[in-house]
A.B. asks: 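Take this structure first; my questions come after.
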Amino acid sequence: MKELNKLYSPGDFEDRIYGLWMENDCFKATIDRSLTPYTIVIPPPNITGQLHMGHALDETLQDILVRYKRMQGYCTLWLPGTDHASIATEAKIVEAMRKEGVTKDDIGREGFLERAWDWKEKYGGRIVEQLKKLGSSCDWSRERFTLDEGCSNAVKEVFVRLYEKGLIYKGERIVNWCPKCCTSISDAEVEHEEQQGNFWHIKYPLEDGSGFVEIATTRPETLLGDSAVAVHPKDERYKDIVGKNVILPIVNRAIPVVADEYVEMDFGTGVVKITPAHDPNDFEVGLRHNLPIINVMDEHAVINENGGKYCGQERYEARKNIVAELEELGLLVKVEPHSHNVGTCYRCSTTVEPWVSKQWFVKMKPLAEPAIECVKSGDTKFVPERFEKIYFHWMENIRDWCISRQLWWGHRIPAFYCDDCEETVVSKETEVYCPKCGKKMRQDEDTLDTWFSSALWPFSTLGWPENTEDLDYFYPTSTLVTGYDIITFWVSRMIFSGLEYMGKTPFDTVLIHGLVRDAQGRKMSKSLGNGIDPLDIIDNYGADALRLTLVTGNSPGNDMRFMDEKVIASRNFANKLWNASRYVMMNLPEDFEDTGLPETLNIEDKWIIGKFNSVVKEVCDNLDKYELGIAVSKIYDFIWDYYCDWYIELSKPRIFAGGKDKENAQKVLVWVLKGALKLLHPFMPYITEELWQNLTDSASFIMLEKYPEYNADLGFEGAMNDFEKVIGAIKAVRNIRTEMNVPNSTKAKLYIETADIELFTSCAMFFEKLSGANGIEASEKVSIEKCATAVTESARIFIPLSELIDTEKELARLAKEKDKALKDIEIISRKLSNPGFLEKAPEALVNQEREKLIKAEDRLNKIEKSIAELG
RNA sequence: GAGGGUGUAGCUCAGUUGGUUAGAGUACCUGCUUGACAUGCAGGGGGUCGAUGGUUCAAGUCCAUUCAUCCUCACCA
């Protein structure tokens, strides 16, 4: 048995332990048809990313579940991998290139992709190494990447199938366009932010010279692309001008006045300019009225040739100039400040420009329906349940999904065009020839939304579309653990994809966690610079302390604040456990043989074993209900309060006395410690493994041990009740000693008046060790003068420290206790005299209250007796 | 505009299907070099559970109203 250091220093062993696990293939899942599978696929971190607290929380929760299930004997797979994150990665590479003075056009598609793969090699590995630092027990032999061959195959397969089913189509639609990333983005990728802008009121002259209509707009530059103005069909004010034309200022184009219900009569002037090419609502109006789509901007949001003399001006520059010209023309009526929500790109925060372009879409309605049903029926459950509302809301209001991106880093769209005959073919092949004219076809230049491949992650990683054994055994996966911020982006898309291609929901349960915020409750962000690096925390306090911090007091779906004080508390717990183990080990003989529990158990042994047993039951119940924070706090309390503060202290007299009793104590110490280590292992894998290895000196791994199970034979109810009486008495004595300012070094014999003479007599040692007694004497009747009395439910304990006791003070103290006892009795009696309570409350509860009343009355009697004796 | 979260000790948060006189960590106060640990031990003070009303024998927990705060979705040009 190795001697442990006095201080817990995780840096000494965490990496070594992880290495041991890896060398011994401890994380590897080997299919065993006789076992039930438990599968988690990791939410793949971006290859651009550095590990942040969000990952740390996410991975910690997953690792806890996986380690728990693995120890319970499930065939457990945690499948890891990374995401190519098309738009985010491409933006980073472009930025890096910009610093070198190189553009995408300079190096072309192939040159760019070469750089991107280099980037992946360089940084994709970094995040994986960081995940390992946390202790993540992923099966690294199955690691995947969204852009690897298998996942790419799955993407092509899905695209082709959906296309053939008519669920993928290409069309000219208005999309959200990011002029900085130079790509379309989906509705989900648009973030709305409140911005202070203006309402410009502008007069459009009627063509027949009979006057003007006044419109109001927040984006005057788009008037270059107006193809109508609209009023509400029921608006009496404008009834007469419907059908007439107005002259578009600056452009001098005649455009019609149309009637459409989209217009709100009460808002603004009741007249709306219609710009189908640059506003999603206007686009719809345009379709209804057959209006031309006049696109006035290029992909950088610079005014194009349709903008006449404003061609070449950036959108905000054009805005300024157009307003100035309108003012000159006398057509600008007024400018009102107006705050409104503006869509911005979730990656670069640039204001999104609604822009008409040819894009690929997924028709969502048919896919959404089964996905809604799957959650409604409970095939997939959200924890906590309230997130189902978010899911339903999104699914029920779903719009078609724009999946094409004008990027190079990603899965290239498997659509091919014939330049000669305009034929389109969608195919998994890389070279395609026109079925009509035989000419080699040109592949679509665009790539797919990065979430398109993530949507397939739970089965593409298991080998789909191949019929692999992994897929057959591990799908559907068991639990998906992720933050509420990507329910719509990712979770919902996996669900409809899993249902569509596998015919089964991808996971039974979605465990949702919140965000990790800074100490002030702010979101951790780069711009605020308030991020805390998990790796720094690991360096300073250890991965186990970080993990414990993240899971303690954390309940599903709720945000948490991260602060150093919490990590220090976690580290202190690790140190406590470390030293408790150190105590156990340093008191074991060199040749200690672990033969389990001894044949004869002392009362305190039964008490700690019984406690352990009931904690096991509770912890398993909590874990099964995903109450990880509650589970860990119970283990924490068990180890610190019961095992360390009570049982270890109780063991000391026996350990130092030697003999058979010492041997028995050693066995119980080891048995409970081992059990506690196993119980804690999923939460704090490193320290528990390190201690286990030292404690057992064997080649076994705690992570592969069986998780403790509740054992009805280890209840020891009677012993536990008895021993609680002793604990109560010890506490009461300590209490009085503190109040009387008597240090433990001032010993006193205790005289205990009790019905449990045998019990207390047998526990004399504990009173000596834990409450400064030098000997006790227990009997049915004690009478001592000038004495402090500790009163518990089962005893009166006389502490004869006559020289230290002030009779007045002691009387006052007893009077206070008496008040409390009276109050207790009053509360319980009130309950028991309530006929409603007696009638309707469960019988067990009523009996419990009756017992309480008896105890409280008994206590009161004892106190009154002491008062009488003293007075 | 719609939906949702949160509000419990100075601070950070737990509190499971309603059922002891509401808990933990931390901070604070008092005492302790007790042979694992001062990253420790013992003891203590501190909360009308945001407010009001209701259901119930019983409400921190369920319902309604309200205040504060945060978030998500949608959006009127």
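Chain naming here is simple, since letters A, B, ... match the order of the sequence lines and numbering starts at 1 in each.
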A.B. asks: Among residues at least two apart in sequence or on other chains, which ones pass side-chain hydrogen bond (donor to acceptor under 3.5 Å, both in side chains) with Q196(A)?
C.D. replies: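 Checked Q196(A) against side-chain hydrogen bond (donor to acceptor under 3.5 Å, both in side chains); zero matches.
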A.B. asks: Identify whether any heavy atom of T488(A) sits under 4.0 Å from a base atom; if not, whether one sits that close to sugar-phosphate; answer base, sugar-phosphate or nothing.
C.D. replies: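 If one applies the 4.0 Å heavy-atom cut-off, T488(A) turns out to touch nothing in the nucleic acid.
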A.B. asks: Considering only U39(B), G43(B), A77(B), which nucleotide approaches the side chain of Y262(A) most closely?
C.D. replies: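 Nucleotide nearest to Y262(A)'s side chain: A77(B).
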A.B. asks: What one-letter contact string describes nucleotides 33-38 of chain B from 5' to 3', where B marks a base within less than 4.0 Å of any protein heavy atom, S marks contact via sugar-phosphate atoms alone, and - marks no contact?
C.D. replies: -SBBBS
A.B. asks: Tell me whether K731(A) at atom NZ has more than 12 heavy atoms from other residues, nucleotides or ligands lying less than 6.0 Å away.
C.D. replies: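 Check fails, neighbour count at 12 or below.
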A.B. asks: Touch check for S633(A), heavy atoms < 4.0 angstrom, all strands: base, sugar-phosphate only, or nothing?
C.D. replies: nothing
A.B. asks: Residues from residues 835-846 of chain A sitting under 4.0 Å of RNA chain B, heavy atoms only?
C.D. replies: G836(A), F837(A), K840(A), A841(A), P842(A), L845(A)
A.B. asks: Reckon K625(A) touches a base, only the sugar-phosphate, or nothing at all at heavy-atom distances under 4.0 Å?
C.D. replies: base
A.B. asks: Between F573(A) and F683(A) (judged by ring centroids, cut-off 6.0 Å), do the two rings come close enough to count as a pair?
C.D. replies: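 Ring centres of F683(A) and F573(A) not closer than 6.0 Å.
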A.B. asks: Classify the nucleic acid contact of V271(A) as base, sugar-phosphate or nothing, counting any heavy atom under 4.0 Å across all strands shown.
C.D. replies: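 Nothing, no nucleic acid heavy atom in range.
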A.B. asks: Can you tell me how far C1' in A24(B) sits from the matching atom in C49(B), rounded to whole Å?
C.D. replies: 16 Å
A.B. asks: Is it true that K334(A) and E214(A) make a salt bridge, defined as a side-chain N closer than 4.0 Å to a carboxylate O?
C.D. replies: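 Not counted as a salt bridge, because no side-chain N and carboxylate O are separated by less than 4.0 Å.
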A.B. asks: Roughly, in whole Å, what's the span from CD in E189(A) to P in C73(B)?
C.D. replies: 13 Å
A.B. asks: Please say whether more than 12 non-hydrogen atoms of neighbouring residues, nucleotides or ligands are located less than 6.0 Å from CZ in R386(A).
C.D. replies: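 More than 12 heavy atoms, drawn from other residues, nucleotides or ligands, come within 6.0 Å of this atom.
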A.B. asks: Any heavy-atom pair between the side chains of N176(A) and E189(A) that's under 4.5 Å?
C.D. replies: no
A.B. asks: Going by side-chain hydrogen bond (donor to acceptor under 3.5 Å, both in side chains), name the pairs with one or both residues in residues 842-851 of chain A, residues two or more places apart or in two chains.
C.D. replies: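 Residue pairs with at least one partner in residues 842-851 of chain A: E849(A)-K852(A).
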A.B. asks: Provide, to the nearest angstrom, the distance between the CD atom belonging to E396(A) and the P atom belonging to C73(B).
C.D. replies: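 Between P of C73(B) and CD of E396(A): 17 Å.
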A.B. asks: Hey, does the side chain of H340(A) come within less than 4.0 Å of A77(B)'s phosphate (OP1/OP2), counting only N and O?
C.D. replies: yes
A.B. asks: From CG of L223(A) over to P of A77(B), roughly how many Å is that when rounded to an integer?
C.D. replies: 16 Å
A.B. asks: Can you list the residues that meet the side-chain hydrogen bond (donor to acceptor under 3.5 Å, both in side chains) rule with N198(A), with sequence neighbours excluded?
C.D. replies: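 By the side-chain hydrogen bond (donor to acceptor under 3.5 Å, both in side chains) rule, N198(A) matches no residue at all.
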A.B. asks: Between H338(A) and A77(B), is there a side-chain N or O to OP1/OP2 distance below 4.0 Å?
C.D. replies: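 Yes, within the criterion.
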A.B. asks: Is there a donor on the side chain of R571(A) or the base of U39(B) sitting less than 3.5 Å from an acceptor on the other?
C.D. replies: yes
A.B. asks: Any ion pair linking E385(A) and K381(A) (charged N to carboxylate O, less than 4.0 Å)?
C.D. replies: no
A.B. asks: Please work out whether the ring planes of F199(A) and H201(A) are parallel, tilted or perpendicular, with thresholds of 30° and 60°.
C.D. replies: perpendicular
A.B. asks: Nucleotides 22-32 of chain B: which of its N/O atoms have a protein N/O under 3.5 Å away?
C.D. replies:
none

A.B. asks: Please tell me if R219(A) has a side-chain N or O lying less than 4.0 Å from either OP1 or OP2 of A77(B).
C.D. replies: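 Answer no for this pair, as no side-chain N or O of R219(A) is under 4.0 Å from OP1 or OP2.
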A.B. asks: As a quick check of understanding, evaluate side-chain contact (heavy atoms from CB on, under 4.5 Å) for V670(A) and F592(A), giving each step before the final call.
C.D. replies: CA-CA 10 Å; V670(A) 168; F592(A) 176 76; 3.9 Å; yes
A.B. asks: When you compare the protein's N or O atoms with those of nucleotides 3-9 of chain B, which come within less than 3.5 Å of each other, and at what distance?
C.D. replies:
| residue | atom | partner | partner atom | Å |
| --- | --- | --- | --- | --- |
| G4(B) | OP1 | K389(A) | NZ | 3.3 |

A.B. asks: With C1' as the reference atom in both, quote the distance from G19(B) to U61(B) in angstrom, rounded to an integer.
C.D. replies: 11 Å
A.B. asks: Would you measure the distance from the C1' atom in U17(B) across to the matching atom in C13(B) and give it in whole Å?
C.D. replies: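 After rounding to an integer number of Å, I get 23 Å for this pair.
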A.B. asks: Atom OH of Y391(A) to atom P of C73(B): distance rounded to whole Å?
C.D. replies: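 One finds 17 Å between P of C73(B) and OH of Y391(A), rounded.
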A.B. asks: State which residues pass salt bridge (Lys or Arg N to Asp or Glu O under 4.0 Å) with R237(A); sequence neighbours excluded, sorted by chain then number.
C.D. replies: D235(A)
A.B. asks: Between A14(B) and G7(B), how many Å separate the two C1' atoms, rounded to a whole number?
C.D. replies: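 About 15 Å, rounded to a whole number of Å.
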A.B. asks: Among residues two or more places apart or on two chains, list those pairs meeting salt bridge (Lys or Arg N to Asp or Glu O under 4.0 Å) that have a residue in residues 559-575 of chain A.
C.D. replies: R517(A)-D559(A)
A.B. asks: Could you tell me the separation between the CD atom of E618(A) and the P atom of G15(B), rounded to a whole number of Å?
C.D. replies: 15 Å
A.B. asks: With a 4.5 Å heavy-atom cut-off, do D641(A) and W646(A) have their side chains touching?
C.D. replies: no
A.B. asks: Looking only at atom types and distance, does a side-chain atom of D544(A) sit under 3.5 Å from a main-chain N or O of Y686(A), one as donor and one as acceptor?
C.D. replies: yes
A.B. asks: Are any non-hydrogen side-chain atoms of V619(A) and F638(A) less than 4.5 angstrom apart?
C.D. replies: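 No, too far: nothing below the 4.5 Å cut-off.
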A.B. asks: Could you tell me how far U8(B) sits from U48(B) if I compare only their P atoms? Round to whole Å.
C.D. replies: 12 Å
A.B. asks: Looking only at atom P, what distance separates A9(B) and A51(B), rounded to whole Å?
C.D. replies: 11 Å
A.B. asks: Tell me the interatomic distance from W200(A), atom CH2, to A77(B), atom P, rounded to whole angstroms.
C.D. replies: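 Whole-Å distance recorded here is 12 Å.
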A.B. asks: What donor-acceptor contacts under 3.5 angstrom involve side-chain atoms of residues 630-637 of chain A, with partners at least two apart or in another chain?
C.D. replies:
| residue | atom | partner | partner atom | Å |
| --- | --- | --- | --- | --- |
| S633(A) | OG | I630(A) | O | 3.0 |
| K634(A) | NZ | E618(A) | OE1 | 3.2 |
| K634(A) | NZ | N622(A) | OD1 | 2.9 |

A.B. asks: Hey, does N735(A) reach any base, or is it just sugar-phosphate, or nothing, if we go heavy atoms under 4.0 Å?
C.D. replies: sugar-phosphate
A.B. asks: Figure out the CG/P separation between L832(A) and G19(B), and round it to whole Å.
C.D. replies: 18 Å
A.B. asks: Would you measure the distance from the P atom in U26(B) across to the matching atom in A22(B) and give it in whole Å?
C.D. replies: 23 Å
A.B. asks: A14(B), OP1 or OP2 - any side-chain N/O from K634(A) closer than 4.0 Å?
C.D. replies: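 No.
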A.B. asks: Which residues satisfy the salt bridge (Lys or Arg N to Asp or Glu O under 4.0 Å) test with K769(A), sequence neighbours excluded?
C.D. replies: none
A.B. asks: Rounding to the closest angstrom, what is the interatomic distance between C57(B) and G1(B) at atom C1'?
C.D. replies: 44 Å
A.B. asks: Under 4.0 Å between a side-chain nitrogen and a carboxylate oxygen: does that hold for K823(A) and E826(A)?
C.D. replies: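 The answer is no: the pair does not qualify as a salt bridge.
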A.B. asks: When you match S555(A) and F199(A) each to their closest nucleotide on RNA chain B, which lands nearer the 5' end?
C.D. replies: S555(A)
A.B. asks: For a stem of at least 3 consecutive Watson-Crick or G-U pairs with distances under 3.5 Å, i pairing with j, i+1 with j-1 and so on, which stems involve RNA chain B?
C.D. replies: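 Correct response: B:1-7 with B:67-73, B:10-13 with B:23-26, B:28-32 with B:40-44, B:50-54 with B:62-66.
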A.B. asks: Select from F573(A) and Y484(A) the residue whose nearest nucleotide in RNA chain B is closer to the 5' end of that strand.
C.D. replies: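 Taking each residue's closest nucleotide, the earlier one in sequence belongs to F573(A).
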A.B. asks: Starting at atom CD1 of I568(A), determine the distance to atom C1' of G40(B), rounded to an integer number of angstrom.
C.D. replies: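 In whole Å, G40(B) C1' lies 15 Å from I568(A) CD1.
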A.B. asks: May I ask you to say what D824(A) touches in the nucleic acid, namely base, sugar-phosphate or nothing, with a heavy-atom cut-off under 4.0 Å?
C.D. replies: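 The residue D824(A) makes base contact.
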